[in-house]
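Quick notes on the structure that follows.
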Amino acid sequence: MRSLLLLLFPLFLFSQKTIGLDSLQLRDAAELLGDDYGNIYLYKKKDLSLTKYDTTGKQLGKVMMTFPYKIQSVANPLNIVMFSENVQEIKFLDQNLNEIQKISLNNNFGFIKAVYSEDLQFVWLIDDSNKTLVQYNFRSNSVINSFPFNINLQSLLDFLVYNNKIYILQENTFEVYNTKASLLYSANIPNPRKLRRANDDILIFEAHSIKKFDGISLSEIFQNQNAKIVDKNNSGFLALIKDKLYLYKNN
């Protein structure tokens, strides 16, 4: 009965709308993101490209990369943050996917495992070689805070920092730490992909579903077992299903 309810969950609670992207555009997409203006972003590992479309399928911008980059978020489409572990570099893109700033981390830090952009002035860095968590002001090129963070991050997928707590997503686990690296919460997560903050909640994106952590417990807010990738913007939930893109809105 539980599996049946989960299968029907999107149908009962949401109305479905098809987004007008051609299946050829959606094919080979490794990451899907939607901003709050209705634009869609597709990242393809095959050619290391990030492409922006409107809801009619019109291409609004495209950037080709030499190395893999992780796109943190498109919540602010005027400043899209990307990080490359390979070249130890942060890039900021504008709404047309043109590069507006580049920050090299090689000269100031050890090996940076992951980056979380707090705003347009500060970033948080996990320095894996020095086992530290660093708050870095890239405008003034200065370290604001540095905390010992000696935990095993071999399978780290994503992290973010909010209200003096560090939210860590590993290959099968969601973890919450304080700035003393003490574990406050842990839960098993199947097929996790990324984290995002929505006000005071932390969203956990899996292959087929999205969970919400409210500081106390986890709850599922969207699920579709047929989806290859899911995402969320202020209009609803996005799901890539068999090379078609759908938007689910609350009824």
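These figures come from a predicted structure and were not determined experimentally.
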Does a side chain donor of either [X] or [Y] reach within less than 3.5 Å of an acceptor in the other side chain?
X      : Y      : result
Gln16  : Tyr246 : no
Asp158 : Tyr167 : no
Asn86  : Tyr69  : no
Asn233 : Asp35  : no
Asn130 : Thr132 : no
Asp119 : Ser117 : no
Glu175 : Ser186 : no
Glu118 : Gln135 : yes

Nearest-0.5 Å distance, [atom1] of residue [X] to [atom2] of residue [Y]:
X      : Y      : atom1 : atom2 : value
Ile229 : His208 : CD1   : NE2   : 11.0 Å
Leu21  : Tyr53  : CG    : OH    : 6.5 Å
Asn172 : Ser155 : CG    : OG    : 7.5 Å
Leu157 : Leu169 : CG    : CG    : 5.0 Å
Asn98  : Lys62  : CG    : NZ    : 14.5 Å

key: Worked check of side chain to side chain contact (heavy atoms under 4.5 Å, CB included) between Phe149 and Ile166   = CA-CA 10 Å; Phe149 206 64; Ile166 301 94; 3.8 Å; yes
[X] side chain to [Y] main-chain N or O, any donor-acceptor pair under 3.5 Å?
X      : Y      : answer
Lys91  : Ser84  : no
Ser129 : Phe111 : yes
Asn178 : Ser182 : yes
Asp36  : Asn234 : yes
Arg197 : Asn199 : yes
Asp127 : Lys131 : no
Gln170 : Asn152 : yes
Asn106 : Phe109 : no
Arg139 : Leu120 : yes

If every non-hydrogen atom of [X] is compared with every non-hydrogen atom of [Y], which pair is closest and at what distance?
X      : Y      : value
Ser235 : Leu247 : CB-CD2, 4.1 Å
Val115 : Leu125 : CG2-CD2, 3.5 Å
Ala29  : Lys44  : CA-CG, 4.1 Å
Phe159 : Trp124 : CZ-O, 3.5 Å
Phe83  : Ala114 : CE2-CA, 3.9 Å
Tyr177 : Ala181 : CD2-O, 3.5 Å

[X]/[Y] ion pair, N-O < 4.0 Å:
X      : Y      : answer
Lys211 : Glu206 : yes
Asp231 : Lys194 : yes
Lys45  : Asp28  : no

Could you check whether atom [atom1] of [X] has more than 12 heavy atoms from other residues, nucleotides or ligands sitting under 6.0 Å from it?
X      : atom1 : answer
Lys165 : NZ    : no
Lys228 : NZ    : yes
Tyr37  : OH    : no

task = Would you verify whether the NZ or CZ of Lys52 falls within 45 degrees of the ring axis of Tyr41 while also being under 6.0 Å from that six-membered ring's centre?
result = no
query = Hey, does the Lys NZ or Arg CZ of Lys232 hover above the aromatic six-ring of Phe237, less than 6.0 Å from the centre and inside 45° of the axis?
reply =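 Yes, Lys232 lies over the aromatic ring of Phe237.
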query = Can you list the steps and then say if Leu245 with Leu26 is a side chain to side chain contact (heavy atoms under 4.5 Å, CB included)?
reply = CA-CA 8 Å; Leu245 183 59; Leu26 294 164; 4.1 Å; yes
Honestly curious: do [X] and [Y] fall in one hydrophobic cluster under the side-chain, below-4.5 Å linking rule?
X      : Y      : result
Leu218 : Leu160 : yes
Tyr162 : Leu156 : yes
Leu184 : Leu153 : yes
Ile168 : Ile112 : no
Leu97  : Phe67  : yes

Verdict with supporting geometry, Ile40 and Leu32, side chain to side chain contact (heavy atoms under 4.5 Å, CB included) = CA-CA 7 Å; Ile40 305 299; Leu32 160 72; 3.6 Å; yes
message = Determine whether the aromatic ring centres of residues Tyr136 and Phe122 are separated by less than 6.0 angstrom.
response =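 No: the rings miss the under 6.0 Å criterion.
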ask   = For the residue pair Phe138 and Phe92, does the interplanar ring angle fall in the parallel (under 30°), tilted (30 to 60°) or perpendicular (over 60°) class?
value =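 Aromatic pair Phe138/Phe92 classed tilted.
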Derivation of the side chain to side chain donor-acceptor pair (under 3.5 Å) call for Asn79 and Asp94 = CA-CA 5 Å; Asn79 279 276; Asp94 66 12; over 6 Å; no
inquiry  = Evaluate Leu50 against Met65 for side chain to side chain contact (heavy atoms under 4.5 Å, CB included), listing each step before the verdict.
reply    = CA-CA 8 Å; Leu50 177 66; Met65 293 162 271; 3.9 Å; yes
task = Take Glu31 and Lys70 through the salt bridge (charged side-chain N to carboxylate O under 4.0 Å, His left out) test and state the conclusion after the steps.
result = CA-CA 9 Å; Glu31 181 60 279; Lys70 179 179 177 60; 5.5 Å; no
